[in-house]
Amino acid sequence: MKALIKDIMAPAVCVIQKFRKETQDTFTLELSPPEEGFSFSPGQFNMLYMYGIGEVPISISGDPADTGRIIHTIRAYGAVTSRMMTLKKQEMIGVRGPFGTHWPIEDLVGRDILLVAGGIGIAPLRPVLFHILSNRTRYGKVLLLYGERTPGDLIFRNQIESWRGRFDLELEVTVDSAREGWRGNVGVVTTLMPRIVLDPSNTAAMLCGPEIMMHYTIQELTKKGLRDDQIYISMERNMRCGIGLCGHCQLGPTFVCKDGPVFLLSKVRHLFRKREL
Amino acid sequence: MTNIIFTEDEWTKALQGISDSYKVFAPVKDGDFHTFKPMNATKAPDFDFQNTRLSAKALIYPQSERMFEYSVDERASDASIVRETPKDYSPKAIVGIRPCDAHGFSIVRPNFDNQEYRDPWWVQSFESTVLVGLGCNQPCSTCFCASVGGGPFNKDVLDVLIYDLGANFMVTGLTEKGETFLTKVKGGKAADDESIKQAEALATEAAKMSKADVPTDKLRDKVINDLFAAPFWQDVGFACLNCGTCTYLCPTCWCFDIQDEVLGKQGDRIRNWDSCMFPLFTLHGSGHNPRDQKFQRVRQRFMHKLKYYVDKYQDGVQCSGCGRCVRYCPVNIDIRQVAELMNNY
């Protein structure tokens, strides 16, 4: 049956159950799902709507197994997200979704998993980690590389510290510029690459971050022997409708909102890093 | 197939007589140009024109359309409830639309009505409309409908076709919708054989005049990245002002933006035509803009119309050959030349 976009275009009203400030410009919203329920796959996004201000595509950062809450982690960049940062518990927000493709976690059972996140790119990858950690025996070695601007910008800091304590998860964090007291790595996320060990025959990589960061990460992974059909990337474009009608997110012949945001690199290799597309 | 003969006066009266059944839009002379306006008793339609300056796109797909409304008063009992804005889909007729502009609707349709999604507003608006076309006796210098799957008397998307026989109009029903429309139209007399022959001759003559000389046959076989990296884009886009005139005049450009408007306690969620010619079209919240140079935006427009659309729908180019963008581009960028460059690259 055809979906009526009238139903897809009208936002559902969700109440904010928790507002948590992560860093000076990043925050997490925990929403109660609409009456008809809500489920998503890791890597998908919602269109979040502020009445009278506008709507933005934001990936879902919660646990896909937890259908009782919708969780979004947002970095305040533009007019809408900056206003969202002033929201409070019990206030309303409009939600449409979930939209887009997802990280193919079910197809990757038995594989080693490498996650590489740049900045707020950690948010759409967190559901993957939640899923893997709940189904830990079904996956091989799991490795997360996370690059941030400064130590103060690290998101999910408590969670990351507790994950670091696990023996079944390798986790490396690096920052572009350090402050006094930082004892970790300094440098862009690719500087972590030389020291990691991958089994190129069995690893699947998922990347999310600025295009330039993914570009250099792909170069490093290629050096390590990964093929383009083992690498998944999550793309970003300006979006309005979320279902491939409005034309804004067109990337060559594909629409990032509908055919993406998660792409298998070998499918879009010819489109990737063409800045003007 | 009903064929009825009217004099121009009879035809105008007949159209005025169906206002109970249809809201009729017809071309009206407005300064130096013609535009589609709702019919009324004071201003008579004028069918002596080459084409209207604006296509009839806005009559099906408004330039600015309210989708939803809501109250921004937090104390109101209906606060935060989004309601669909009431819309009017009573039958309407667009009389005097040129076959190229009607063809435009069928080019746009798969975007709004396909396997996955159906835009109820576009579809209802289109389906409640009778397209009463006016054949082109004399194709103009900028149009090229015959090159892109149309023709000066192309009946494919029309419900009724009008032949301008000089002294009279011959009006022909083409579809069930069109025949129903003609049953409501009063006056006129059944067409005689001679008029039908004359009409056929007009169509044949016009078809001879419209040459299919804009090549699009090889576009499908091209590789996207080859075309994308072609050396001519800087030249094609050099003079472009990114004014967006081409996209607004185009009967086949459908991109839209969604904006909120708040007045007092009333909020509206509105979709507006948008244009890939504008830098804001692709600007991210972070300030990053994937298409930040004008030639990149010009390339996007032509690649979408002449390559991406061709590949996606396997049904020709996203252009109906009306020639408006050629005629009104302030710096004379010509889609016919660009099609040739791409086709021959």
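Residue numbering restarts at 1 for every chain, and letters A, B, ... go by the order of the sequence lines.
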Peer 1: Let me know if B:Y70 has heavy atoms under 4.5 Å from chain A in its side chain, its backbone, both or neither.
Peer 2: side chain
Peer 1: For A:K258 and B:E116: C-alpha separation, side-chain torsions, deciding distance, then whether side chain to side chain contact (heavy atoms under 4.5 Å, CB included) applies.
Peer 2: CA-CA 11 Å; A:K258 183 162 143 276; B:E116 286 171 277; 3.2 Å; yes
Peer 1: Nearest 0.5 Å, what's the CZ-CG distance between A:R269 and B:N225?
Peer 2: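 The CG atom of B:N225 is 12.0 Å from CZ of A:R269, to the nearest 0.5 Å.
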Peer 1: Give the member of A:G247, A:P11, A:G52, A:G78 that has the highest number of heavy-atom pairs under 4.5 Å with chain B.
Peer 2: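 Between A:G247, A:P11, A:G52, A:G78, the count favours A:G52.
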Peer 1: Please classify the contact of B:D274 with chain A as side chain, backbone, both or neither, using a heavy-atom distance under 4.5 Å.
Peer 2: side chain
Peer 1: With a cut-off of 6.0 Å (strictly less than), are more than 12 heavy atoms of other residues, nucleotides or ligands near CZ of B:F238?
Peer 2: no
Peer 1: Determine, stepwise, if the pair A:C241 / B:F256 fulfils side chain to side chain contact (heavy atoms under 4.5 Å, CB included).
Peer 2: CA-CA 9 Å; A:C241 72; B:F256 60 85; 4.1 Å; yes
Peer 1: For A:I53, is it the side chain, the backbone, both or neither that has a heavy atom under 4.5 Å from a heavy atom of chain B?
Peer 2: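 The backbone, not the side chain.
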Peer 1: Could you tell me if the side chain of A:R237 sits less than 4.5 Å from the side chain of B:P290, heavy atoms only?
Peer 2: yes
Peer 1: Using a 6.0 Å distance limit plus a 45 degree cone around the ring axis, check whether B:R269 lies over the aromatic ring of A:Y49.
Peer 2: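 Judged by the rule, B:R269 and A:Y49 form a cation-pi pair.
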Peer 1: Please report the interatomic distance NE2(B:H288) to CD(A:E211), rounded to the nearest 0.5 Å.
Peer 2: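 Answer for the NE2-CD pair, B:H288 versus A:E211, is 5.0 Å.
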Peer 1: From B:D119 CG over to A:C246 SG, what is the distance, rounded to the nearest 0.5 angstrom?
Peer 2: 11.5 Å
Peer 1: Between B:S286, B:A229, B:G267, B:C276, which shows the greatest number of heavy-atom pairs under 4.5 Å with chain A?
Peer 2: B:S286
Peer 1: Nearest 0.5 Å please: distance from the CE atom of B:M303 over to the CD atom of A:Q250.
Peer 2: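 B:M303 atom CE to A:Q250 atom CD measures 10.0 Å (nearest 0.5 Å).
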Peer 1: So what's closer than 4.5 Å to chain A heavy atoms on B:D311: side chain, backbone, both or neither?
Peer 2: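 For B:D311, there is no contact with chain A at all, as no heavy atom is under 4.5 Å.
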Peer 1: B:V262, B:N111, B:V82: which one forms the most heavy-atom pairs within less than 4.5 Å of chain A?
Peer 2: B:N111
Peer 1: Has A:N238 got a side-chain atom pairing as donor or acceptor with B:F281's backbone, closer than 3.5 angstrom?
Peer 2: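 Indeed, once roles are kept as given, a pair shorter than 3.5 Å links the two residues.
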Peer 1: Between B:V123, B:I81, B:D260, which residue shows the highest count of heavy-atom pairs closer than 4.5 Å to chain A?
Peer 2: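 Of the candidates given, the most pairs with chain A belong to B:D260.
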Peer 1: Please flag which part of B:R83 lies under 4.5 Å from any non-hydrogen atom of chain A: side chain, backbone, both or neither.
Peer 2: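 The answer is neither part of B:R83.
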Peer 1: Just how far is it from atom OH of B:Y117 to atom CE of A:M9, taken to the nearest 0.5 Å?
Peer 2: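 These two atoms lie 10.5 Å from each other.
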Peer 1: Pairs in or reaching into residues 89-99 of chain A: which pass side chain to side chain donor-acceptor pair (under 3.5 Å), with residues at least two apart or in two chains?
Peer 2: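 For residues 89-99 of chain A, and leaving out neighbouring residues, the side chain to side chain donor-acceptor pair (under 3.5 Å) pairs sorted by first residue read A:E55-A:R96.
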Peer 1: Above 12 or not: heavy atoms from other molecules or residues under 6.0 Å from NZ of A:K18?
Peer 2: no
Peer 1: Hey, is the main chain of B:G287 close enough, under 3.5 Å, to the side chain of A:Y77 for a donor-acceptor pair?
Peer 2: no
Peer 1: By a 4.5 Å heavy-atom criterion (distance strictly below it), what part of B:I258 contacts chain A: side chain, backbone, both, or neither?
Peer 2: both
Peer 1: Does atom NZ of A:K267 have more than 12 heavy-atom neighbours from other groups under 6.0 Å away?
Peer 2: no
Peer 1: Hey, is the main chain of A:L245 close enough, under 3.5 Å, to the side chain of B:W254 for a donor-acceptor pair?
Peer 2: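 Yes, the answer is positive, given that a donor and an acceptor are paired below the 3.5 Å cut-off.
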Peer 1: Do other residues, nucleotides or ligands put more than 12 heavy atoms under 6.0 Å from the CZ atom of B:R220?
Peer 2: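 No.
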Peer 1: What part of B:L227 gets closer than 4.5 Å to chain A, counting heavy atoms only: side chain, backbone, both or neither?
Peer 2: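 Looking at B:L227, nothing touches chain A.
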Peer 1: Between A:R75, A:E236, A:M50, A:M239, which residue shows the highest count of heavy-atom pairs closer than 4.5 Å to chain B?
Peer 2: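 The answer is A:E236.
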Peer 1: Under the salt bridge (charged side-chain N to carboxylate O under 4.0 Å, His left out) rule, collect the residues that match up with B:D101, sequence neighbours excluded.
Peer 2: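 Partners of B:D101 under the salt bridge (charged side-chain N to carboxylate O under 4.0 Å, His left out) test: B:R324.
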